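In the text below, chain A, chain B and the rest are named by the order of the sequence lines, each starting its count at 1. Note that the coordinates shown come from a computational prediction; the quantities given were computed from them, not determined experimentally.
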Number of protein chains: 2
Amino acid sequence: MSELPWRPGSIRRPKPVRTAKIPLTRAEIVRAGLRIVQREGIDAVSMRRVAAEFETGPSSLYAHVTNKDELLQLMFDEVCGMVTPQEPDPARWKDQVKELARTAHQALVDHNDLARAALATIPTGPNALRISNAMMGIMLSGGVPAKMAAWAMDRIFLYITADAYEYSIWRTEVVDAGGQKESYIAQLGEDLVAYFAQLPPEKYPYIQKNAEAMVGGGIEARFEFGLEMLVDGLDKYTSES
Amino acid sequence: MSELPWRPGSIRRPKPVRTAKIPLTRAEIVRAGLRIVQREGIDAVSMRRVAAEFETGPSSLYAHVTNKDELLQLMFDEVCGMVTPQEPDPARWKDQVKELARTAHQALVDHNDLARAALATIPTGPNALRISNAMMGIMLSGGVPAKMAAWAMDRIFLYITADAYEYSIWRTEVVDAGGQKESYIAQLGEDLVAYFAQLPPEKYPYIQKNAEAMVGGGIEARFEFGLEMLVDGLDKYTSES
DNA sequence: TCTAATGGCGAACACCGTTCGCGTCAAGTA
DNA sequence: TACTTGACGCGAACGGTGTTCGCCATTAGA
């Protein structure tokens, strides 16, 4: 039997033996990782960097976590735990789908580029399952057949994760440029418009002519637009209508 | 002015001076990178590994490519060049959108997990632009307003890239397990169904009860399902109807 | 108080991207 | 043809990475 990714226990269950310092438990390590990803991005989350948070070396972490990949999965699930789904209300099912999607998206965006770790995973952690279960419940209550609901949920969460990651890339570039968020984004947008507008019209007529449309609109508005495309496309599968 | 990502020329344009061996040009380096990503995945594409393909050290590459990131972008654009869009046919615009999406998706999937590099980029290479331009033309011909078309294109390509990446993860696990594609995927699917079915029903009722629906369906079918959701959701913006 | 084993972690290994500067080789000039 | 000059290939090194191994201190039990 192939190994399932979720293995809740730790390898060794060490008694809290450390005298001073921070205790160095699995939960504490995950929290440290989340602090780092928030402040410095996922590339900064190295075993050494996390261990440094406890003033120790990287090998100390391996008593609580099998490898870096597991640490990232645990971090992702911890973030999933920050999302609190609502009770299904059949009358508002489409709004509830969007609402849950927005909340999950926001939780990811709040943690910088952690979404990249989520993309590389089939989420099977308890908190991720709680969200999946809630989304499933909302769709089922809205009359979407089980198979369609399962697939749609999969696609929507893929979309959420991908957008959150793309979002973080924009933000990273802004941070690299040293803050001044609004003005820098505006500048980058203007540059892109100029770039598209300067393209040879005989080669790229549609892009060249619609340069502003290509770039325009905030990142949040684009997320919302795609979410609406997905949810609207789901409508035709409901049994009621 | 902030720097635009696409800079078609090389830093130095060395004359083909190498005597024997492979010439070591920008194009040849990109091709070598694509060979490696296809066979060994994007994590194997290191400067050292690419340089080894020319029996030299990594520093030799930096005369033709500013850094690894640029190499990955060039590789992505090269793959985009393998996609040949059709002429817009207003009567079939929705089918054409899907067709172009499928072709681009296939090109990405054919190159293992290269999609990950595409996710980290705002695509501005000439071949990527050719695809964007074609997609834009198809949607405009179908009566989608420019702004909506631009956004929808953005969302659809985000979806394509994310799915291609997720696809590659499945395949990587299969390869790691040493081939036997069908049987291994089936095994992994069964394990997942078993995992979902074994969950406590009072905590995860909807998932537990619909374990088979969660896992069922091929990867290609899921891609198609999401694509249809997106394109169907686009319908309401067309002026004709 | 002595023994045994358990868990923390320093050091090392094999990789990574990137930079620096040396030495070679080809082209240009006399 | 011989010499000078300059550019380019690339070896070596720097500071990072994930992970493993085995020593040592500390603690629990006798």
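- The OH-P distance, from Y62(A) to dC21(D), rounds to 12 Å in whole Å.
- Residues F225(B) and D154(A) form no side-chain contact, since every pair of their non-hydrogen atoms from C-beta on lies 4.5 Å or further apart.
- The listed nucleotides are dC16(C), dG9(D), dT19(D); the one nearest the side chain of H64(B) is dG9(D).
- Here R26(B) pairs with E70(B) in a salt bridge; the nearest charged N to carboxylate O distance falls below 4.0 Å.
- Under a 4.0 Å N-O distance rule, the pair E166(A)/R155(B) qualifies as a salt bridge.
- Nucleotide dC10(D) holds its P atom 11 Å from the CD1 atom of I29(B), rounded to whole Å.
- Computed from coordinates, the E70(A) CD to dT19(D) C1' distance equals 14 Å when rounded to whole Å.
- Distance from the side chain of A63(B) is smallest to dG9(D) among dG9(D), dG18(D), dG17(C).
- Looking at heavy-atom distances under 4.0 Å, V45(B) makes contact with sugar-phosphate atoms alone, never a base.
- With rounding to whole Å, L72(A) atom CG is found 12 Å from dG18(D) atom C1'.
- Listed nucleotides: dG18(D), dG10(C), dG8(C). Nearest to the side chain of S59(A): dG10(C).
- Minimum atom distance to the side chain of K68(B) is reached by dC16(C), of the listed dG18(D), dC16(C), dT19(D).
- As rounded to whole Å, 13 Å separates atom C1' of dC9(C) from atom CE of M47(A).
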| query | So M47(B) and Y62(B), side chain to side chain contact (heavy atoms under 4.5 Å, CB included) or not? Walk me through it. | reply | CA-CA 9 Å; M47(B) 299 304 266; Y62(B) 285 84; 3.6 Å; yes

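- Side chains of Q73(A) and D77(A): a donor-acceptor N/O pair is absent below 3.5 angstrom, by distance only.
- Atom pair N67(B):CG and dT18(C):P shows a separation of 5 Å (rounding to whole Å applied).
- Remark: the R48(A) side chain and the dG18(D) base include a donor-acceptor N/O pair separated by less than 3.5 Å.
- The phosphate of dG9(D) (OP1 or OP2) has no side-chain N or O of S60(B) nearer than 4.0 angstrom.
- Note on S46(A): a side-chain N or O is less than 4.0 Å away from OP1 or OP2 of dT17(D).
- Rounded to an integer number of Å, the gap from CD1 of I42(A) to C1' of dT17(D) is 15 Å.
- One atom, CG of L61(B), and another, C1' of dG9(D), lie 11 Å apart when rounded to the nearest Å.
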